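Predicted, not measured: the structure shown is a model, and the values here were computed from it. Quick note on labels: first sequence line is chain A, next is B, and so on, each numbered from 1.
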Number of protein chains: 2
Amino acid sequence: MATIKEVAKYAGVSVATVSRALNKNGYVSEAAQKKVEEAIKALDYFPNEVARSLYQKRSKMIGLLLPDISNPYFPLLMKGIEENARENGYSVILGNVEEGSKLKQDYMTLFGQQNVAGVLSAVEGTVSQNHSMPIVMLDRVLEEDDYAVYTNDVKGGILAAQAIMDRKPGNVLIIAGPKSVPGSIDRLIGILSVLNPTDVNYEIHQTRSFTIEEAKETAEVIFRKYKKIDSVLASNDLFALAVMKEAQTRGLHIPNDIQVIGYDDIPFSQLVYPGLTTISQPAFKLGYQASDLLIRLINKNKISKKRIKLDPKLMIRDSLRKK
Amino acid sequence: MATIKEVAKYAGVSVATVSRALNKNGYVSEAAQKKVEEAIKALDYFPNEVARSLYQKRSKMIGLLLPDISNPYFPLLMKGIEENARENGYSVILGNVEEGSKLKQDYMTLFGQQNVAGVLSAVEGTVSQNHSMPIVMLDRVLEEDDYAVYTNDVKGGILAAQAIMDRKPGNVLIIAGPKSVPGSIDRLIGILSVLNPTDVNYEIHQTRSFTIEEAKETAEVIFRKYKKIDSVLASNDLFALAVMKEAQTRGLHIPNDIQVIGYDDIPFSQLVYPGLTTISQPAFKLGYQASDLLIRLINKNKISKKRIKLDPKLMIRDSLRKK
DNA sequence: ATCGGGTGTGTAACCGATTACAGTTTTATA
DNA sequence: TATAAAACTGTAATCGGTTACACACCCGAT
């Protein structure tokens, strides 16, 4: 790889002039600009980002902290982030942190050591040690987070509950997501705000994670534990799919014997039979906007909204009964 | 963030001594070592990786090039990579490249500018411009790739085809993956090596991608185009799931009317009804081993095998008929 | 003719680490 | 006790960029 020094030599100018020509700041004569551009082309030169980062005390990278990339909801998020970041000349360092692990602090330290320009985190309790490193929380957001992009989960809960209430439920089972995940609580609040004023029977089954393993377990448990359930509000699509499968295995017909609604709208919801009716979280958009907000913060651009709340949407497929 | 200079001052030694104490090379007296360690703790010092990278002309990062992170096969791969990389003190820069895009060269340049220590790529035709930057190909591997970790796709094809042949197929449909993906061809070779010696009827339907959109389209098309198919060998699980759904929508019973086998064993294959019988690619292990191989290359460690071929496995669930 | 500002350019300091080199002290060996 | 080797330490160069600063030139206004 050629260096700026070699370019300067080839072009017959100083490194300062090359740098100015490259970054188009400061005065550079047309003649010099042209010589530099020729030299760059001739030597196939690309500036070393590491050297830049060192001087600027800030790299063109953003750190991304995710709780579990094997959860299919996150890849979409990542895609949105990656796309926006790339469009803005940033790249993404990946940090995968098992739920509740202490690894998140290690990653934050690492991000600091790498001079990342900012951090996107979907892990609760992410704190910056370095004040010059902005953080935008996404998806899993607390009251106290300054900058955040997330879904209106109360509304999501309401949409899901209304969809069920519109379809004459008998006994409803709510599978509630882990209490450690802020969104789970909001969804439950939304759901209950719809169910409580009615006289519908419901029970709540509490879960501890969003993993596929627990989804499978849970699906088995609920059919033993709760008899005569005919409507299920699941905390995410994984749980919904697991319940559907278990129901079908037990010879129950969906949606006639039991109707199910999910949450997230992961791509697979369309690929099962019957298609899963679910609440769509705009994952790609969430990621894209979060990256956008972070980069605005980095560049100290005007910020219209510190917390961006996106609306979920009801995706009607075939796992609920006809109205 | 504290710098090495501040640590040196606090400890009453030179920066050279601090550096030697940090990296445990060169001579450092016990007294000095202790003073440095105290200073580090007192100032909460972590060495700046960017400065290190600049001097070493190599960072503690590896570049990862993936063709489509929204394909659920890749997150597992990523998880394996991330885990191994982290264990070895490396972090991962993400590069998502739409199939066939020219973006891959941009990313390779970027990786160069970032002084990455090496690159893992699942994108065909990835070439290094910088000889000191080793590349390990994974999953999508060509003959000419020096270092690679991949699945034995011929064997995978054979396993799938045998599973079908063991279960008295009438008319078989092979959904072949895109020709641009090396593995697709091998799978087809494997499948045909089993089918051709028999007198079973089969047809081949060629596809252009592994996307969910094409999977849905294809599922519709094949039921119109190919009548009386009763066994389907899909190029990946997405296509298999789409076919299952379409079949069920048309009132066909799986596996009695039509049996389906997939490829990949993405986590969802367990969550559909009936469970999808498929060929399991050890995605996590693939990623883990690829990272391991790359880091060996980076450290110029002994390498026992330049190309690592992992074996696929038949996962029997319920989408095939009884033997 | 003189002054001032706008242009254009190069030298050198700087970012924060590693390490070559030189100098000093301690220790071991003859 | 002399002497070499080992142990320890600091100064300064280095990695490859950016930019403060100084200097030189050109042009128009006084």
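Ile298(A) and Ala117(A) make their closest contact through CG1-O, 3.4 Å (heavy atoms, listed as atom of the first residue, atom of the second, distance). Taking both residues in full, the closest heavy atoms of Ser184(B) and Pro178(B) are given as OG-O, 3.0 Å, listed atom of the first, atom of the second, then distance.
Atom NZ of Lys35(A) and atom C1' of dT9(C) are 11 Å apart (whole Å). Atom pair Glu6(A):CD and dC15(D):P shows a separation of 11 Å (rounding to whole Å applied). Computed from coordinates, the Gln56(B) CD to dG16(D) P distance equals 12 Å when rounded to whole Å. Nucleotide dC27(D) holds its P atom 16 Å from the OH atom of Tyr27(A), rounded to whole Å. Taking atom NZ of residue Lys9(A) and atom P of nucleotide dT11(C), one finds them 14 Å apart after rounding to whole Å. In this structure, the NZ atom of Lys57(B) is 15 Å from the C1' atom of dA17(C), given to the nearest Å. A straight line from CZ of Arg52(A) to C1' of dA17(C) spans 20 Å, rounded to a whole angstrom. Nucleotide dA17(C) holds its C1' atom 13 Å from the CD1 atom of Ile40(B), rounded to whole Å.
At least one side-chain nitrogen or oxygen of Thr17(B) sits closer than 4.0 Å to the OP1 or OP2 atom of dG10(D). Distances shown here put a side-chain N or O of Tyr45(A) below 4.0 Å from the OP1 or OP2 atom of dG17(D). Put simply, Asn48(A) has no side-chain N or O that comes within less than 4.0 Å of OP1 or OP2 on dC15(D). Look at Tyr55(B) and you won't find any side-chain N or O under 4.0 angstrom from OP1 or OP2 of dT18(C). In this model, the phosphate group of dA17(C) is not approached by any side-chain N or O of Lys5(B) to a distance below 4.0 Å at OP1 or OP2.
Closest to the side chain of Ile4(A), from the set dT19(C), dT11(C), dG17(D), is dG17(D). Of the candidates dA12(D), dG10(D), dG10(C), dG10(C) carries the atom nearest the Ser14(A) side chain, counting heavy atoms from C-beta on. Of the candidate nucleotides dG16(C), dA17(C), dG10(C), dG16(C) has the atom lying nearest to any side-chain atom of Leu54(A). Across dT18(C), dC15(D), dT9(D), the shortest atom-to-atom separation from the side chain of Leu22(B) is found for dT18(C). Closest to the Ala51(B) side chain, of the nucleotides dG16(C), dT19(D), dA6(D), is dG16(C). The nucleotide whose nearest atom lies closest to any side-chain atom of Arg20(B) is, among dG17(D), dT11(C), dG10(D), dG10(D).
Ion pairing of Lys60(B) with Glu49(B) is absent here, as no side-chain N (NZ or NE/NH1/NH2) approaches a carboxylate O to less than 4.0 Å.
In this structure, a donor-acceptor pair under 3.5 Å is absent between the side chains of Tyr107(A) and Asn96(A).
At the heavy-atom level, Ser29(A) lies under 4.0 Å from the strands shown only through sugar-phosphate atoms. Using a 4.0 Å heavy-atom criterion, one finds that Val18(A) contacts no nucleic acid atom at all. Backbone-only engagement by Thr3(B) is indicated by non-hydrogen atom pairs under 4.0 Å involving sugar-phosphate atoms exclusively. Heavy atoms of Val28(A) sit under 4.0 angstrom from primed sugar atoms or phosphate atoms, though from no base atom. No engagement by Val50(A) is indicated, since no non-hydrogen atom pair under 4.0 Å with the nucleic acid exists. Using a 4.0 Å heavy-atom criterion, one finds that Glu49(B) contacts no nucleic acid atom at all.
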- Message: Under the criterion side chain to side chain donor-acceptor pair (under 3.5 Å), I'd like the reasoning laid out for Glu87(B) against Tyr288(B): C-alpha separation, chi angles, the key distance, then a yes or no.
- Response: CA-CA 10 Å; Glu87(B) 287 170 5; Tyr288(B) 195 89; 2.4 Å; yes

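Between the Glu6(B) side chain and the Thr3(B) main chain, a donor and an acceptor come within less than 3.5 Å of each other.
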